[in-house]
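Inspection log for the structure reproduced underneath, given as structure tokens.
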Amino acid sequence: MGLGGCIILIAVGAILTFATDWEMEGVNLDLVGIILMIVGLIGTTTFSSIARRRRVVVPPSTPVVDEEGHHHRHREGYSDGYGV
């Protein structure tokens, strides 16, 4: 389950807990909503910690040194870069 699924669990749990007043025989929807929110929060923290570990730190590349130097050659007829 990805980050989106965890956020959906939190949203559905909040809707069941705070926005509904349904009564079901043998099912406490407030408790189900709280459980869904807790599972969503656990999933979000787990996902973010795994994603943080997956990030690979790449050291900056060493600059390439051109020993001959940069020589700009001027070609006849192409002074402005667009042709004659």
Euclidean distance, I50 CD1 relative to L3 CG, rounded to 0.5 Å: 12.0 Å

ILVMFWY network linking M24 to V12, side-chain heavy atoms under 4.5 angstrom: yes

In chain order, what residues pass the side chain to side chain contact (heavy atoms under 4.5 Å, CB included) check against I15, with sequence neighbours excluded? A19, T20

Nearest 0.5 Å, what's the CD1-CG distance between I42 and L9? 11.0 Å

Please report, to 0.1 Å, the donor-acceptor pairs under 3.5 Å made by any side chain of residues 26-38, with sequence neighbours excluded.
| unit_1 | atom_1 | unit_2 | atom_2 | d |
| --- | --- | --- | --- | --- |
| N28 | OD1 | D30 | N | 3.3 |

Can you list the residues that meet the side chain to side chain contact (heavy atoms under 4.5 Å, CB included) rule with T45, with sequence neighbours excluded? none

Correct closest heavy-atom pair for C6 and G43 would be SG-C, 3.4 Å

